[in-house]
A.B. asks: 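Mind having a look at this structure? Questions to follow.
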Amino acid sequence: MTGKVAVLGDADFVMPFAALGLETFAVEQAEQMKESARRLIEEKYALVVVAENIAATVQEVFDTCKDAPTPCVVVVPFTTESEGHATRVLGETLKMATGIDILQND
């Protein structure tokens, strides 16, 4: 698969990815986060890496294209303590792919 890769998060999160040559979107305010997410969808990015601390804010925007093959949205924890959002999103994706709640805690 070929396509563009973007990284969405605060300045500290995106800095290492920028050093690798990836396109980065440093965002601080909620509306700026949502607008950047919309732009990434419109510009047809194949992969979007999202910082966990802003994932809940942009989730609604990315939900509009969750049944499309792209963008593939990957939520990654970074410098703050994990909020569990990345694990929940991974669990939902795995359940959609396999039909089984693999990460179910019994």
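Worth saying up front: this structure is predicted, and the values here are computed from it rather than measured.
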A.B. asks: Shortest non-hydrogen contact from Ala51 to Gly9?
C.D. replies: CB-CA, 4.0 Å

A.B. asks: Below 4.5 Å, heavy atoms only, C-beta onward: do Val76 and Phe13 meet side chain to side chain?
C.D. replies: yes

A.B. asks: Taking all atoms of both residues into account, what is the closest heavy-atom pair of Val27 and Met33, and its distance?
C.D. replies: CG2-CG, 3.5 Å

A.B. asks: Nearest 0.5 Å, please: how far is NZ in Lys66 from SG in Cys72?
C.D. replies: 14.5 Å

A.B. asks: Can you see which heavy atom on Glu52 is nearest to which on Pro77, and at what distance?
C.D. replies: OE1-CB, 3.3 Å

A.B. asks: Given side chains that start at C-beta, do those of Phe62 and Val50 come closer than 4.5 Å, heavy atoms only?
C.D. replies: yes

A.B. asks: What distance separates Gln59 CD from Thr64 OG1, expressed to the nearest 0.5 Å?
C.D. replies: 10.0 Å

A.B. asks: Ignoring hydrogens, what is the shortest heavy-atom contact between Val75 and Ala55? Give both atom names and the distance.
C.D. replies: CG1-CB, 3.7 Å

A.B. asks: Would one find more than 12 heavy atoms of other residues, nucleotides or ligands at under 6.0 Å from atom CD of Glu60?
C.D. replies: no

A.B. asks: Under 3.5 Å, sequence neighbours excluded: what are the donor-acceptor pairs made by side chains of residues 37-49?
C.D. replies:
unit_1, atom_1, unit_2, atom_2, d
Arg38, NH1, Glu35, OE1, 3.3
Arg39, NE, Glu43, OE2, 2.9
Tyr45, OH, Glu23, OE1, 2.6

A.B. asks: So Val14 and Leu8, do their side chains get closer than 4.5 Å, heavy atoms only?
C.D. replies: no

A.B. asks: What is the minimum heavy-atom distance between Ala11 and Glu28, and which atoms define it?
C.D. replies: N-OE2, 3.5 Å

A.B. asks: With rounding to the nearest 0.5 Å, note down the distance linking CD1 in Ile54 to NZ in Lys34.
C.D. replies: 11.5 Å

